[in-house]
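Positions are given from 1 along the sequence. This structure is a prediction, so every number in the text was calculated from the model and none was measured.
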Amino acid sequence: MASDFMDRFRFNTGSEPDIFYIKNLKKKLKETFCEYATRWRSEVAKVRPPLEEEQMNKFFVKAQDSQYYERLMVIENHKFSDIIKLGERIEEGMKSGMVTNFEVLQATNKALQSGGISRGRKWVS
């Protein structure tokens, strides 16, 4: 009888993610953009009441780091799959050096300012 009770009311034992959790769900360091988007989307599916696609897209874009956010915000009104495709292209561009990774640029700039990286020869004319 106890197991029947648990089976019937098990849905009430877990906590569902809320909007605040979804807005702050960030990409892990070793996670690809596609893996992150899939994980994020599966968490959104648990939110009650369900989010409309337009809301979901806005929350997803706002949850991104600045290098993704600035590029994704222009298509946040498109389908979620389109946002993922663009995110993957941004990720590929950063890996290949075709798209500037602001985090790496900021770290390099800080290192230069603190003297952590040699600036090389100064050219004198």
For Arg41, the side-chain hydrogen bond (donor to acceptor under 3.5 Å, both in side chains) test, sequence neighbours excluded, returns none

Calculate, to the nearest 0.5 Å, the distance between atoms CD and CG belonging to Gln67 and Leu72 respectively. 10.5 Å

Only one of Val44, Ile22, Leu25 passes side chain to side chain contact (heavy atoms under 4.5 Å, CB included) with Pro17, and that residue is Ile22

Is Val61 reachable from Val74 through a run of I, L, V, M, F, W or Y residues, each pair having side-chain heavy atoms under 4.5 Å apart? yes

Heavy-atom side-chain contact between Lys58 and Asn77 under 4.5 Å: yes

For the ring pair Tyr36 and Phe60, is the centre-to-centre distance below 6.0 Å? yes

Contacts of Lys23 meeting side-chain contact (heavy atoms from CB on, under 4.5 Å) (sequence neighbours excluded), chain-then-number -> Ile19, Phe59

Looking at CD1 of Ile90 and OH of Tyr69, how far apart are the two atoms once the value is rounded to the nearest 0.5 Å? 13.0 Å

Salt bridge (Lys or Arg N to Asp or Glu O under 4.0 Å) filter on Lys46, not counting sequence neighbours, yields Glu43

Treating Asp65 as the side-chain partner and Tyr68 as the backbone partner, does any N or O pair qualify as donor plus acceptor under 3.5 Å? no

Check side-chain hydrogen bond (donor to acceptor under 3.5 Å, both in side chains) between Glu70 and all other residues, then give those that pass, not counting sequence neighbours. none

Residue pairs, two or more places apart or on separate chains, that pass salt bridge (Lys or Arg N to Asp or Glu O under 4.0 Å) and touch residues 71-97: none

May I ask you to check whether over 12 heavy atoms, not counting those of Lys26, lie within 6.0 Å of atom NZ? yes

d(Gln64 CD, Trp40 CH2) to nearest 0.5 Å is 8.5 Å

Partner residues of Glu31 under the salt bridge (Lys or Arg N to Asp or Glu O under 4.0 Å) criterion, sequence neighbours left out: Arg39

Value for CG (Asn57) from CD1 (Ile75), rounded to nearest 0.5 Å, stands at 8.5 Å

